[in-house]
Amino acid sequence: MEFAAVVAFTLLLGALIALVAVAVRKQKVETGTQEEQAADTVAADEPKPPITKKPKPEKQRTRKDKAQHSFSHPLVASTLKSHSGNVTSIDFSSNGKYLASCADDRTVRIWSVKDFMDREHKCLRANVDLDHATLVSFSPDSRAFITWIFNADTIRIFKMIKKEDGSFIFKAAPEDFPQKHKGSILNIGIAETGKFIMSASSDTSIHIWDLKGEILASINTNQITNSYAAISPCGRFVASCGFTPDVKVWEVCFLKSGEFKEVTRAFDLKGHSAGVHAFAFSNDSHRMVSVSKDGTWKLWNTNVEYKKQQDPYLLLTVSCSSSEGSLAALSPDGRVVAISDGCDVAMYDATTGRLEEELRGVHAGDITGLRFDVNGRFLVCSGDKAIRVFHNAPGYRAAIKDMQEMLRRAQNEAMKQRLQQQIRDAQRALDTVLAAPTD
Ligand SMILES: *[C@@H]1O[C@H](CO)[C@@H](O)[C@H](O)[C@H]1NC(C)=O
Ligand SMILES: *[C@@H]1O[C@H](CO)[C@@H](O)[C@H](O)[C@H]1NC(C)=O
């Protein structure tokens, strides 16, 4: 074992443990930030037409509580419940601080990740007047988000503007994007590079846009119908899947000057024997997971030189239950795979394929969003009015297992002691989060 690798790894784990310790301490102290409290009730500052009825918060709350689907599990870290309609999409900001959610209650809500372990979950609210957002995706600077607006049938950008008193207002861009999709929309996204926006519909069309709403390129996926499409977290690739048994991946190329150049075929994931429901990338795009109608999920190594005709290779095939609308998520470090099937979620160790956790009946309806946070501490999902936040215990366990393996191979005494200490710390951190009271 290379010393440098061990140091890098232990640093990373140290950071993870520190995060957990902070979260646990915070839960005891219960300090809410001024900023978020002040901004709690701030809505979009667009002038509202008189016919817009603002819902009465008090009434809504009692009605909502009655309709709450009950679910409990030892891994639940918290349940975020302010939406009065079904949550249809969730997205973490890349700085790791926020979770955005949108629902058919005409609001987009921004949650603070550092509050997840607190009893109270404050959120900021952006209103979508006379319409609602069905998809939401954060911009790379975490200061704006894009939405798919249901009736307007197009993309709308919202900016988060911080006022002098520390509160936020949300301002919709003066113009929506032009309507270009004929089929039902599957997903939208903004590249982490900030260079393009993607929108994909089930009729096999994907549009690549600049940030002003001009189409740079359009792709026909030729997959008969599409079930899912997404931009890779590195912002370089766009991928899609659907009726055909492959996942197709394109590279969106820009010139050095920053100008758009072209969209080219990068590589395919070939190996499933039936249509593919969904896929996900690891944060560095070196791994992908796909879930198919053939009754399996597959993990792929996509860190290949596809320009030299190298194909991605299959690392693992694991049987799982899935159905139309199933989603996949891969923890940022690639250690844990999560697959949804209806209102259930299963978590697997990505190295061994072992089923680690089964979360059944998490929501009243089918899971609409499934994401790990950027630090891999939490798995979050939506499927009714509430958002469930789970501790990524399989991720902690896999990290501990990796350290134990390192310990087994460690040559010198100092390193052994250090690893032993870190294993104890990690185990204690895991025990602490699991012992923390949940709501
Ligand atoms: C990916 O996640 C790992 C583990 O959380 C982190 O160390 C790394 O910096 C992340 N990389 C990128 C490109 O975000
Ligand atoms: C919200 O989800 C629940 C559970 O799936 C469903 O019964 C209900 O009809 C949905 N409400 C709307 C307005 O779609």
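As the structure lists them, so they are numbered: ligands from 1, and atoms in each ligand from 1. Excluded from the calculations below are hydrogen atoms, water molecules and symmetry mates; all remaining heavy atoms, backbone and side chain alike, are included.
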For residues 219-241, which residue pairs pass the salt bridge (charged side-chain N to carboxylate O under 4.0 Å, His left out) check, not counting sequence neighbours?
R236-E251

Pair N220-T204, side-chain donor/acceptor within less than 3.5 Å
yes

Pairing of R371 and D91 as salt bridge, 4.0 angstrom limit:
yes

When you pair each N or O of ligand 2 with protein N or O atoms, which pairs come out under 3.5 Å?
{"from": "ligand 2", "atom 1": "2 (O)", "to": "N86", "atom 2": "OD1", "distance (Å)": "3.1"}
{"from": "ligand 2", "atom 1": "2 (O)", "to": "N86", "atom 2": "ND2", "distance (Å)": "2.4"}
{"from": "ligand 2", "atom 1": "11 (N)", "to": "N86", "atom 2": "ND2", "distance (Å)": "2.9"}

Does one side chain, of S290 or H272, offer a donor that lies under 3.5 Å from an acceptor on the other?
yes

So, are R354 and D349 salt-bridged, with charged N and O less than 4.0 Å apart?
no

Begin from the C-alpha positions of K212 and D210 and carry the test salt bridge (charged side-chain N to carboxylate O under 4.0 Å, His left out) through to its verdict.
CA-CA 5 Å; K212 299 199 183 87; D210 68 14; 5.7 Å; no

